[in-house]
Protein chains: 2
Amino acid sequence: MNDNLDAGVSQFIGYNMKRALTVVQADLAQVLAEFGLRAVSYSALLVIVRTPGISQSDLADVLRIEKSNLVQLIDELANRGLVTREPVPGDRRRHALIPAKAGIALAEAATRAVQAHEDRVFAALSMLERATLVHLLRRVWAMPVRA
Amino acid sequence: MNDNLDAGVSQFIGYNMKRALTVVQADLAQVLAEFGLRAVSYSALLVIVRTPGISQSDLADVLRIEKSNLVQLIDELANRGLVTREPVPGDRRRHALIPAKAGIALAEAATRAVQAHEDRVFAALSMLERATLVHLLRRVWAMPVRA
DNA sequence: TATTGTTATACTCTATAACTATA
DNA sequence: TATAGTTATAGAGTATAACAATA
């Protein structure tokens, strides 16, 4: 394609993955900023809404981030009245993360915006092609690479 | 798929793109570390080898990074004897980036390792599927998203 | 002993502003 | 005035170690 512009790096699959993701992330960040959210805080909120009562440790595992980096993130969501930390009967170490009404509403509105964002960003692909793309990507991340 | 594990975020194409890229980047970093390179320094070296005489500004444009962040990177490559900064006749502001013999050799060896890395990381996909993946990704990053 | 939430910290990556020398 | 290279710095994002409370 433009081998003299990028000197052949565009032959690599990883290069094209990164470049496409950069486009997607830039647009997503703009969309979520209107809700006062970043990608990671949107994900956290959505998981809490759909898994009420999840603990911070389990949430960190699901989001594949460090639990220490989740503390301030949950602080933000809690300060905005989107979620609450509730005591868990039987284990006083854990906090159950419970979505507040405002959190549920924001997650729903943001999810609609994210779906619109994906429709826009992947408009060049047909629905079938989008399904193919997801299928191929899943097989990449689902595959064990090293022992 | 595991909608109760990730609470539905895996429905998003962007989520699958990021997750796949994380796997790819982790493996690539390991591979390039054996050559004392990061992804960005490998890309820079490869472009210099295939576009001898390119200036730092033009290289920054190709790599889509800030020229200020290129200075130390080129310092490293130069200190290792992989490239040199040569004066450009007719414009004393510019430096022509010239690959040294060691730089050409390292770029070739690293490129073979990167190709082996891609063969390994995308082993779950047939050659046709890899071509399809690249084609779909290119159409995503080539598409203008916002005006 | 191990786990949960927390704090502090360090390290990488990236972006921006300002400077110099040249054009 | 504008551009190439450079320096310094600041902001994200992420990773690690240590701690108190609890299991």
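Proteins come first, then strands; the chains are lettered A, B, ... in the order of their sequence lines, and each starts at number 1. Quick caveat, the model's predicted, so the values are computed rather than measured. Note: hydrogens, waters and symmetry copies are ignored here, and every other heavy atom, side chains too, is used.
Only B:Arg85, B:Arg93, B:Arg94, B:His95, listed by number, bring a heavy atom of residues 84-99 of chain B to less than 4.0 angstrom from any atom of DNA chain D.
In this structure, A:Glu66 atom CD and C:dT7 atom P are separated by 17 Å, rounded to whole Å. Atom NZ in B:Lys67 sits about 14 Å away from atom P in D:dA2, given to the nearest Å. Between the CG atom of A:Leu32 and the P atom of D:dA12 there is a distance of 16 Å, rounded to whole Å. Taking atom CG of A:Asp61 as the reference point, atom C1' of C:dT3 lies 12 Å away to the nearest angstrom. The separation between A:Asp58 atom CG and C:dT3 atom C1' is 11 Å, rounded to whole Å. Atom C1' of nucleotide C:dA15 and atom CG of B:Leu70 are separated by 15 Å, given to the nearest angstrom. Per the geometry, CD belonging to B:Gln25 stands 12 Å off P belonging to D:dA15, to the nearest Å. Rounded to an integer number of Å, the gap from CG of A:Leu59 to C1' of C:dT4 is 13 Å.
Mapping A:Asn69 and A:Lys18 onto DNA chain C by nearest heavy atom places A:Asn69 closer to the 5' end of the strand. The residue among B:Gln72 and B:Ile54 whose nearest nucleotide of DNA chain D is located toward the 5' end is B:Ile54.
Side-chain contact between B:Leu32 and B:His117 is absent, with no heavy atoms from C-beta onward closer than 4.5 Å. Between B:Leu37 and B:Arg80 the shortest side-chain heavy-atom distance falls below 4.5 Å. For the pair B:Asp119/B:Arg130, a side-chain contact is recorded, criterion being any heavy-atom separation below 4.5 Å from C-beta on.
A:Gln56 comes within contact range of the sugar-phosphate backbone alone, with a heavy-atom separation under 4.0 Å but no base atom that close. Counting any heavy atom pair closer than 4.0 Å across all strands shown, B:Ser57 reaches sugar-phosphate atoms only and no base atom.
Not counting sequence neighbours, the partners of A:Arg85 by the salt bridge (Lys or Arg N to Asp or Glu O under 4.0 Å) test are A:Asp75.
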| request: Begin with the C-alpha distance, continue with both residues' side-chain angles, and end with the deciding distance and a verdict on salt bridge (Lys or Arg N to Asp or Glu O under 4.0 Å) for B:Glu129 and A:Arg139. | output: CA-CA 11 Å; B:Glu129 287 171 326; A:Arg139 284 164 62 202; 2.8 Å; yes
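One hydrophobic cluster, built from ILVMFWY side chains closer than 4.5 Å, holds both B:Leu77 and B:Leu63. In the hydrophobic cluster analysis, where Ile, Leu, Val, Met, Phe, Trp and Tyr join through side-chain heavy atoms closer than 4.5 angstrom, B:Val71 is grouped apart from B:Ile65.
Checked by distance alone, B:Ser68 brings a side-chain donor or acceptor within 3.5 Å of a matching partner on the base of C:dT16.
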